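To start, the structure under review is shown below, and the notes come after it.
What you are looking at is a predicted structure, and each value in this text was computed from that prediction instead of being measured. Count residues from 1 along the sequence. The basis for the numbers below is simple: all heavy atoms, side chains too, and nothing from hydrogens, waters or symmetry mates.
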Amino acid sequence: MNDLQIRINKITQILVSESSKQDKALLSLQAFSGLEITHFSQKRMKHFYKYMFAINAITSYYPRIIVDNNYNSLSDAHLNEILKNVQQLCLKLLID
């Protein structure tokens, strides 16, 4: 199993856990930290940037997240959107 598959498995476990939405968002995004993407195909890279851009667009409304990783201030709708984007990104990375 390669690094990407290991990370996606970890993220899947996080997303199905009993953790709060805030913890799921934080931990799943942290699991992408340090991922080597230079070897990604053009299609995989496009998906990666598309979903990360969508997540960044949401978190840009909450400048304190960058400073202290506090996802408690996010609205429920934004948390759901982040988690949806993480799930879709994982799926796209696996099938491409």
Side-chain angles (χ1 to χ4, degrees):
M1 200 175 329
N2 66 32
D3 184 48
L4 179 61
Q5 291 170 322
I6 292 168
R7 289 171 190 260
I8 290 175
N9 286 343
K10 180 179 179 181
I11 292 166
T12 301
Q13 290 174 350
I14 292 166
L15 294 176
V16 299
S17 73
E18 295 296 320
S19 299
S20 68
K21 288 181 186 179
Q22 292 88 351
D23 287 342
K24 288 179 182 183
L26 175 62
L27 295 172
S28 63
L29 292 173
Q30 284 177 341
F32 283 112
S33 179
L35 177 64
E36 181 61 48
I37 62 172
T38 57
H39 66 281
F40 279 9
S41 68
Q42 203 170 30
K43 187 175 181 182
R44 186 176 274 175
M45 189 76 75
K46 179 181 172 185
H47 291 305
F48 183 80
Y49 284 127
K50 173 186 173 185
Y51 290 104
M52 283 302 181
F53 178 80
I55 292 166
N56 284 338
I58 295 166
T59 59
S60 69
Y61 293 109
Y62 304 91
R64 293 296 306 169
I65 289 175
I66 297 168
V67 175
D68 58 13
N69 280 336
N70 183 356
Y71 281 63
N72 293 325
S73 62
L74 269 74
S75 71
D76 200 50
H78 281 155
L79 283 168
N80 288 335
E81 192 67 23
I82 289 171
L83 295 173
K84 181 183 87 171
N85 278 288
V86 168
Q87 288 173 325
Q88 290 175 339
L89 173 57
C90 288
L91 179 62
K92 290 292 187 180
L93 292 176
L94 279 178
I95 61 174
D96 286 339

(message) Quick check on side chain to side chain contact (heavy atoms under 4.5 Å, CB included): which of Leu89, Val86, Ile82, Asp23 does Ser28 satisfy it with?
(response) Val86

Say whether, by atom type as modelled, one donor and one acceptor occur between the side chain of [X] and the main chain of [Y] under 3.5 angstrom.
{"X": "Tyr62", "Y": "Asn72", "value": "no"}
{"X": "Gln5", "Y": "Asn2", "value": "yes"}
{"X": "Arg7", "Y": "Ser33", "value": "yes"}

Do [X] and [Y] make a side-chain contact, defined as non-hydrogen atoms from C-beta onward lying under 4.5 Å apart?
{"X": "Phe40", "Y": "Leu35", "answer": "yes"}
{"X": "Asn80", "Y": "Lys21", "answer": "yes"}
{"X": "Phe32", "Y": "Ile55", "answer": "no"}
{"X": "Leu4", "Y": "Arg44", "answer": "yes"}
{"X": "Tyr49", "Y": "Ile37", "answer": "yes"}

(message) Tell me whether Leu93 shares a hydrophobic cluster with Leu91, the cluster being built from Ile, Leu, Val, Met, Phe, Trp, Tyr side chains joined at under 4.5 Å.
(response) no

(request) Would you give the length of the straight line joining atom NE2 of His78 to atom OG of Ser73, rounded to the nearest 0.5 angstrom? (result) 11.0 Å

(message) Within this structure, what is the CZ-CE distance for the pair Phe48 and Met45, rounded to the nearest 0.5 Å?
(response) 8.5 Å

(request) Please collect all side chain to side chain donor-acceptor pair (under 3.5 Å) contacts where either partner lies in residues 81-95, sequence neighbours excluded, each pair once. (result) Glu81-Lys84

(message) Can you list, by chain and residue number, the hydrophobic cluster partners of Ile14 when the side-chain cut-off is 4.5 Å?
(response) Leu27

(request) Determine the minimum heavy-atom distance between Ile11 and Ala31, stating which atoms define it. (result) CG1-CB, 3.5 Å

